[in-house]
Amino acid sequence: MGKKFTIIILVILPFILMLGALPFVNRIDPIILGLPFFHFWLFLGMIITPICSYVIYRLQKSEGSIE
């Protein structure tokens with residue numbers, strides 16, 4: 001249950017980050033790193049999505065699912 005549950009969470013996380021939370025982050029304030037909060041949120045999603053994909057890849061490779 002451990003690895004499969006982690007993989008499911010990592011697959012769902014980018015969708016929740018980009019689509020599910022979007023109505024809650026659609027604002028200008030606060031300004032983070034010189035970006036409005038909405039743009040920072042999208043930038044954060046572009047960073048987190050490949051990290052999640054890499055972790056899924058490593059988990060499946062250690063499991064033997066990928067040759």
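Rounding to the nearest 0.5 angstrom, the gap separating the CE atom in M46 from the CH2 atom in W41 is 13.5 Å. The distance from the CD1 atom of I32 to the CG atom of L44 is 9.0 Å, given to the nearest 0.5 Å. Here L35 contributes atom CG and F40 contributes atom CZ; the two are 8.0 Å apart, rounded to the nearest 0.5 Å.
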Which atom pairs, donor and acceptor, lie under 3.5 Å between side-chain atoms of residues 7-18 and protein residues at least two apart or in another chain?
none

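Nearest heavy-atom pair, F37 versus D29, reported as atom, atom and distance to 0.1 Å: CB-O, 4.0 Å. Scanning all heavy atoms of the two residues, the minimum distance from F38 to L22 falls at CE1-CD1, 3.2 Å.
A heavy-atom distance below 4.5 Å is found between the side chains of K3 and S62.
Residue V25 is grouped with residue I48 when hydrophobic side chains (ILVMFWY) are merged at heavy-atom distances under 4.5 angstrom, including chains of intermediate members.
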